Amino acid sequence: MRSLARIAAVALSSIGMSIGLSTSGLAADIVTTATQAGQFNTLAAALGAADLVSTLQGPGPFTVFAPTDEAFAKLPEGTVASLLLPENKSKLVSILTYHVVPGNVSLKQAVKLDGAATVNGQRIDISAGLDGVGVDNAKIVAADIQCDNGVIHIIDSVMLPEALTIPEKAAEAGTFNTLLAAVGAAGLAETLGGPGPFTVFAPTDEAFAKLPAGTVESLLQPENKNKLVDILKYHVLSGVVYSEAALDAKTAKTLNGASVSISVSNGNARVNESNLVALDLEAANGVIHVVDAVLLPQATSQASSMKPTGAVNVSHMLTMAISQGVPVYNAGDHHGCAVIYENALNSCMSMPMDSQLHHHVQSVLASARRQHSATDRAWTLRRGMDQLQMQLNGK
């Protein structure tokens, strides 16, 4: 198997170093350099229509992945003409700034990266292979054209940023129907579809199904709107936080006001006790990370919101949780079972109990959090629930 360094070397050697542009010495600014080459007339016209010429003639530095006229010609007929219309200026700006990375990034530096954040706010993917260096759907065909305010890499296709907002992206996926219903009931659809940007830890339909029976139905009731808003905001961060930055930070403050913990356990990235099952899904106004369990704030007001419909006491809560958790555990989803049990015990904390029972629940939850495997965590919680039931039945 060839090493990554060897692949990168082959990729670098496969790229032509000049297509009508000189790579020796310093040229003029990026716009002037591209215009003088004669192969970027469409790009120049687009920069003019988007009012970005003066920006890319500024001090920078910038790294520009510049599509040739031939690259623009690959777009569906009429696309360029439509983008140049004044009413489509914002869309044109979004596309053009998606081709610009802050700083001076040489090709040698680029091949060591998996991606790079653009001026647009979204991130482009970079891949080095035996057939060259790819940037999203494009190939770099000439590189390291030095300008006095940055560098140009020439690409053979126009790169298009994600155009769908976070709610639209979730709807397209088809696996977030409960989340979208909750967002609608909470009156947050317009907010999450707005400019943002936001980072959303998005629970799947299966994640919501792990909650105690009746929980979702209860939360969707108009009288529980405030509780629902608090829970949903606990899944949202302000700004774009990609997975690498989130894991480095280890914690993040949510729009709810409370913070979530972000960690790696047994090779799996996690937010609180939920696994991150898909990362860095781009949206026009942010990024989505998919989680396999609903994140629950620890405050009493949020805990009480998870009380299933008809639950009138702790014993009933535990019985319902065990009846739901056992088949989940037997199906092999030990983490999902642990989440059900933990949610139930957190809800019990908001119910009337004497101090001894309250202390018991706290001790069980703390002990479970110290377990490294989902199996051990589920059994620790289950034993604690059984002990609590015995104490309740003895009173």
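These figures come from a predicted structure and were not determined experimentally.
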What I want to check is whether the side chains of [X] and [Y] have a donor and an acceptor closer together than 3.5 Å.
X      : Y      : value
Asp144 : Ser106 : no
Glu162 : Tyr98  : no
Asn346 : Tyr341 : no
Thr165 : Glu168 : yes
Thr204 : Asp292 : no

For [X] against [Y], the heavy-atom pair lying closest together:
X      : Y      : answer
Ala117 : Pro102 : O-CD, 3.5 Å
Ala28  : Cys147 : O-CB, 3.2 Å
Ser274 : Leu295 : CB-CD2, 3.7 Å
Ala66  : Leu43  : CB-CD2, 3.9 Å
Pro67  : Val158 : CB-CG2, 3.9 Å
Ala49  : Leu92  : CB-CD2, 3.8 Å

Report yes if the side chains of [X] and [Y] come closer than 4.5 Å at any heavy-atom pair, otherwise no.
X      : Y      : value
Leu56  : Val100 : yes
Pro167 : Val183 : no
His289 : Leu281 : no
Thr254 : His235 : no
Arg270 : Ile262 : no
Val236 : Leu232 : no
Leu388 : Val364 : no
Thr32  : Gln57  : yes

Criterion side-chain hydrogen bond (donor to acceptor under 3.5 Å, both in side chains) on Ser218 and Asn224, from CA distance to verdict
CA-CA 7 Å; Ser218 176; Asn224 291 326; 3.3 Å; yes
Count I, L, V, M, F, W, Y as connected when their side-chain heavy atoms are under 4.5 Å apart, and connections chain through other members. Are [X] and [Y] then in the same cluster?
X      : Y      : result
Leu179 : Leu276 : no
Val294 : Leu192 : yes
Leu211 : Tyr329 : no
Met159 : Leu107 : yes
Leu237 : Leu279 : yes

Would you say [atom1] of [X] has more than 12 non-hydrogen atoms from neighbouring residues, nucleotides or ligands within 6.0 angstrom?
X      : atom1 : value
Glu70  : CD    : no
Glu223 : CD    : yes
Glu87  : CD    : yes
Asp205 : CG    : yes
Lys74  : NZ    : yes

[X]/[Y] ion pair, N-O < 4.0 Å:
X      : Y      : answer
Lys139 : Asp131 : yes
Arg123 : Glu244 : yes
Glu273 : Arg369 : no

Euclidean distance, [Y] [atom2] relative to [X] [atom1], rounded to 0.5 Å:
X      : Y      : atom1 : atom2 : answer
Ile154 : Ile152 : CD1   : CD1   : 7.0 Å
Asn149 : Thr55  : CG    : OG1   : 11.0 Å
Leu75  : Leu83  : CG    : CG    : 7.5 Å

Determine whether a donor-acceptor pair (N or O, by modelled atom type, separation under 3.5 Å) exists between the side chain of [X] and the backbone of [Y].
X      : Y      : result
Asn120 : Ser94  : yes
Ser367 : Ser363 : no
Asn285 : Gly194 : yes
Asp148 : Asp29  : yes

State which residues pass ring pair (Phe, Tyr, Trp, His ring centres under 6.0 Å) with Phe65; sequence neighbours excluded, sorted by chain then number.
His153
